[in-house]
Amino acid sequence: MKQKYRYLTIAFITMFVFGITFNHSSDGKTISSEHSQFFPNSAAAHPPRDINNISQIEAFLDEFIPSQLEEANIAGVTISMVHNDSISLIKGYGYSDISKSEKIQANSTLFRVGSISKLFIWTAIMQLYEEGKVDLNTDINDYLTAFQIPDTFEEPITLTHLMTHTAGFEETLARIIDPANVFPDREQFLRENLPPRYFEPGTVPSYSNLGSELAALIVEEITQTPFEEYVVKNIFQKLNMSHSSFLQPLPANLSSSMSNSYYFEDGEFQEGFFEYLSVAAAGGMSSTAEDMAQFLLAQLNNGTYGSSQILAPETLSLMHTPQFQPHPEFPTIRYGFYDLNLLGQSSFGHGGDTAFFHSQLSIFPKYNFGMFISYNSLNSTGQTIAFQANFMKEFMETTTTYSTNLTPVENYEKRVKQFTGYYETTRVPYSTPDKLYYNYYADGAFELTSNDEGQLEGFGLKFLEVEENIFQDTRGLGVKLLFVEDAKGNIRYMYINDAVISASMKFQWFENPSFQMFLVIIIPVIFGLSIIFWIGEGIWKHVKKKKHPIIEPQRATNTKDISISNVFKEKPKSKWVINWPRIIILAQVILSVAFVVLVRIFHVLRLSYILPYDEFFDRILIIPYFILLFIAATGINAILEWFGKNFQRASDQPLKIWEKLHFSLVAATGLLWLWLLNYWNLLGFSLGGVM
């Protein structure tokens, strides 16, 4: 079971069910040599082979796939290709069950297809649109009866926004994968975990699993039928997809045909587990290469397969029509599908990834050609795009080079600085404590810098501004960066021309990792040195007092000499009164250390699913409010000291200037700590959900 939890953690870190893009390496900061094969100057030098020649395609597969499986330590792959109105090829390589030496059968072995599942949600939505049961541009609250989406912005969320991932939801680390079937039903899960709205609808793409699952709930609300049943009746049966299912666990007639999942460790394959998904509609479909080929045929042939039709030609045409495009030179997002700018060839489709399975479905309109491929091993991330790129080099007319003789815009050397800084994908949590956890593990921030030649540097490449706010790489790879300004004219977002399913948002100065790290270091240093100093000071005074005891003046014994004022003057202050500012600072530090430790512990528990995370986390988030009280008391004390209201000595002598400055520094550091807690959403919180 340990290995299972380990790979659940990996699933969280990679944020499964991404439509994978290929512009970054695994660390998000460079374009690696592995990914360089995706770019135009790597295209085949020879004329393309004949895409109509099935024997040539099979010869390529028989050469490329076994080599890929061996080099990447992948147990197996299933693949299908369609052309015009027929299936060109369906084939499996490798094993579905290594221990039993069972090979993959492309017409019967099931694979998890991850986010490709979403295409069936969008197909269902388009069917309801065709029947006049939904409007794509109407507030989705009109269709929801279980709960309502908060009106964070004046503009409501529509089905168009959900289908183009521009609804504006931020990311959440809601529990989405488990080795056991432990999730509540769709309505309850969304009610408890739907993330807050962060972007205005229709403005910025931010890929959302829960937004897609919300669309599946709308299908259920409109049809009064469970989504899983609706898909069987209205899509699977019409396309003769008899080996496909959204059910978890799979029905008995399909479970025996499900491929095992694998990871490679210590020189051998280890078996994974069947992944139960909380977002079952958005990523939980299981299918075969043959069934997916039949879905592709309907996409290529006006919504028909044989004598069945899932969408009218005009509805399918609308589904394939671009709906969001940040710039005419950049890819688009369609109704559910998104463009892939790969080797200069126009294509659209969808990627799909669980922890173990990695898949890609692509359509090439120019050739009336489609392909589906899926791998069953953890370490096959990125191999779907690698395969597609190599296939395209062999069988399609791809762009071989882009010009390196670039003409920059006027004053580009002076303009370049405004584009430099740190950026991060818009698919992150912003207003919940998940923000801290996502950034801690994902390390998704990347930096763009400038050089003396007025070029922008990032991802291991150099870029020159060739149009206003558009940069092109100087190596002729065809990589372009688009920058978008906010209402004040400041650079806010960036897109890369591989796919625009999510944007990248520029950090403000206080969000930069260097500044955040400075605070993380300086705050404990100031508190720690202050406490060490006070402890040392106390020890020194104690030792000094023992060596040179202070002789107290003899008190009057004659009652006539004792006045009320003298009694009060001579009464010594309690040590608690004298040292209360130091005590509250010590308490603040102890609470802060305890809180940081608890946050870390509960995060580990959350990733490992050992405890119901949210319930426990609610309780420990009370601690920062006590820290807030102590910080306020420290600040009040520092202010009073400057006005001569002394609490630090038994005598009435005020503190020395350096002592006042010291207490003021500690108070200011407390305010910084308070700001940092608030920045990471640890003062007042919500993990999402709706009422």
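Position 1 is the first residue of the sequence; numbering continues from there. Atom set for the values below is all heavy atoms of this structure, side chains included, hydrogens, waters and symmetry mates excluded.
Tested against Q388 for a side-chain contact (heavy atoms from CB on, under 4.5 Å), the candidates L343, I373, L340 yield a single pass: L340. Checked options S117, S380, S374; the residue passing with S359 is S374 (criterion: side chain to side chain donor-acceptor pair (under 3.5 Å)).
In the model, E170 has a side-chain atom that pairs as donor or acceptor with a side-chain atom of S431 under 3.5 Å. Using modelled atom types, one finds a donor on one side chain and an acceptor on the other under 3.5 Å when comparing T354 with E275. Using modelled atom types and a 3.5 Å distance limit, the side chains of N368 and N84 yield a donor-acceptor pair. Side-chain polar atoms of N302 and T304 form no donor-acceptor pair below 3.5 angstrom. Between the side chains of E71 and S67, at least one donor-acceptor pair of N or O atoms lies under 3.5 Å. Side chains of T160 and N137: a donor on one and an acceptor on the other come within 3.5 Å. With 3.5 Å as the limit, one finds a donor-acceptor pair spanning the side chains of E268 and Q270. Q68 and Q383 are linked by a side-chain donor-acceptor pair at a separation below 3.5 angstrom, with hydrogens and angles left out of the test. No side-chain N or O of Q56 forms a donor-acceptor pair with one of D50 less than 3.5 Å apart.
With sequence neighbours left out, Y198 forms a ring pair (Phe, Tyr, Trp, His ring centres under 6.0 Å) with Y430. Listed by chain and number, the residues in a side-chain contact (heavy atoms from CB on, under 4.5 Å) with K488 are D486, N490 (sequence neighbours excluded). For K480, the salt bridge (charged side-chain N to carboxylate O under 4.0 Å, His left out) criterion is met by E329, not counting sequence neighbours. Under the rule for a ring pair (Phe, Tyr, Trp, His ring centres under 6.0 Å), H327 has no partner lying at least two apart in sequence or in another chain. Annotation: ring pair (Phe, Tyr, Trp, His ring centres under 6.0 Å) contacts of F515 (sequence neighbours excluded): W509. Every residue was checked against the salt bridge (charged side-chain N to carboxylate O under 4.0 Å, His left out) condition with E155, not counting sequence neighbours, and none meets it. Partners of T407 by side-chain hydrogen bond (donor to acceptor under 3.5 Å, both in side chains), not counting sequence neighbours: none found. Applying the ring pair (Phe, Tyr, Trp, His ring centres under 6.0 Å) test to Y335 and every residue at least two apart in sequence or in another chain returns nothing. Under the salt bridge (charged side-chain N to carboxylate O under 4.0 Å, His left out) criterion, R415 pairs with E465, not counting sequence neighbours. Under the side-chain contact (heavy atoms from CB on, under 4.5 Å) criterion, T203 pairs with F199, E200, not counting sequence neighbours. With sequence neighbours left out, the salt bridge (charged side-chain N to carboxylate O under 4.0 Å, His left out) criterion links K366 to E397.
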Tell me, with the steps shown, if R427 and S502 meet side chain to side chain donor-acceptor pair (under 3.5 Å).
CA-CA 7 Å; R427 191 186 174 186; S502 286; 5.9 Å; no
List the steps, then state whether side chain to side chain contact (heavy atoms under 4.5 Å, CB included) holds for I333 with Q323.
CA-CA 6 Å; I333 305 175; Q323 301 298 322; 6.0 Å; no
Verdict with supporting geometry, W122 and M319, side chain to side chain contact (heavy atoms under 4.5 Å, CB included):
CA-CA 9 Å; W122 311 135; M319 188 177 185; 3.8 Å; yes
For side chain to side chain donor-acceptor pair (under 3.5 Å), just list the numbers for N405 and S403, CA-CA rounded to whole Å, side-chain angles, deciding distance to a tenth of an Å, and then say yes or no.
CA-CA 5 Å; N405 185 22; S403 174; 5.4 Å; no
Checking side chain to side chain donor-acceptor pair (under 3.5 Å) for the pair N376/S259: CA distance, chi angles, key distance, verdict?
CA-CA 7 Å; N376 64 2; S259 171; 3.2 Å; yes
Applying side chain to side chain contact (heavy atoms under 4.5 Å, CB included) to M494 and V484, what does each step give before you reach the verdict?
CA-CA 6 Å; M494 186 201 73; V484 179; over 6 Å; no
Assess whether ring pair (Phe, Tyr, Trp, His ring centres under 6.0 Å) is satisfied between Y422 and F446, documenting all intermediate values.
CA-CA 6 Å; Y422 282 92; F446 56 90; 8.8 Å; no
Go through it in stages, so that I can follow the logic: the residues are Y375 and F357, the test is ring pair (Phe, Tyr, Trp, His ring centres under 6.0 Å), and I'd like the CA-CA distance, side-chain angles, deciding distance and then a yes or no.
CA-CA 6 Å; Y375 299 85; F357 290 87; over 10 Å; no
Passes side chain to side chain donor-acceptor pair (under 3.5 Å), Q360 versus S362? Steps please.
CA-CA 6 Å; Q360 178 68 35; S362 297; 3.1 Å; yes
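N379 contributes a side-chain N or O that, together with a main-chain N or O of N73, makes up a donor-acceptor pair within less than 3.5 Å. Without hydrogens or angle criteria, N497 side chain to V479 main chain gives no donor-acceptor distance under 3.5 Å. A donor-acceptor pair is defined here as one N or O able to donate and one able to accept, closer than 3.5 Å; such a pair exists between the side chain of D473 and the backbone of G478. The closest donor-acceptor contact from the side chain of T426 to the backbone of A503 lies under 3.5 Å. Looking at E171, its side chain never comes within 3.5 Å of a backbone N or O of P429 through a donor-acceptor pair. No donor-acceptor distance shorter than 3.5 angstrom exists from the side chain of N390 to the backbone of K393, with no hydrogens or angles considered. In this structure a side-chain-to-backbone donor-acceptor pair under 3.5 Å is present from T123 to L119. Between the H83 side chain and the F369 main chain, no donor and acceptor come within less than 3.5 Å of each other. A distance-only check finds a donor-acceptor pair linking the side chain of K118 to the backbone of A282 [under 3.5 Å].
By the 30° and 60° cut-offs, the orientation of the rings of F337 relative to H320 is perpendicular. Aromatic ring orientation, Y207 versus H350: tilted (interplanar angle from 30° to 60°). Relative ring orientation between F391 and F395 is described as parallel, the plane-to-plane angle staying below 30° on a 0-90° scale split at 30° and 60°. Ring geometry, Y495 versus F324: the interplanar angle falls from 30° to 60°, so the pair is classed tilted. Note: Y679 and F510 have perpendicular aromatic rings, judged against thresholds of 30 and 60 degrees for the angle between ring planes.
If you look at Y338 and F348, their ring centroids are not closer than 6.0 Å. Remark: aromatic rings of F483 and F471 are close, center separation under 6.0 Å. Checked against the 6.0 Å centroid threshold, Y262 and F356 do not count as a close aromatic pair.
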Anything under 3.5 Å between a donor and an acceptor, one on a side chain of residues 287-295, the other on a protein residue two or more places apart or in another chain? List them.
{"residue": "S287", "atom": "OG", "partner": "S244", "partner atom": "OG", "Å": "2.6"}
{"residue": "T288", "atom": "OG1", "partner": "D291", "partner atom": "N", "Å": "3.0"}
{"residue": "D291", "atom": "OD2", "partner": "S242", "partner atom": "N", "Å": "3.4"}
{"residue": "D291", "atom": "OD2", "partner": "H243", "partner atom": "N", "Å": "2.8"}
{"residue": "D291", "atom": "OD2", "partner": "S244", "partner atom": "N", "Å": "3.3"}
{"residue": "D291", "atom": "OD2", "partner": "S244", "partner atom": "OG", "Å": "2.7"}
{"residue": "Q294", "atom": "NE2", "partner": "L239", "partner atom": "O", "Å": "3.0"}
{"residue": "Q294", "atom": "NE2", "partner": "N240", "partner atom": "O", "Å": "3.0"}

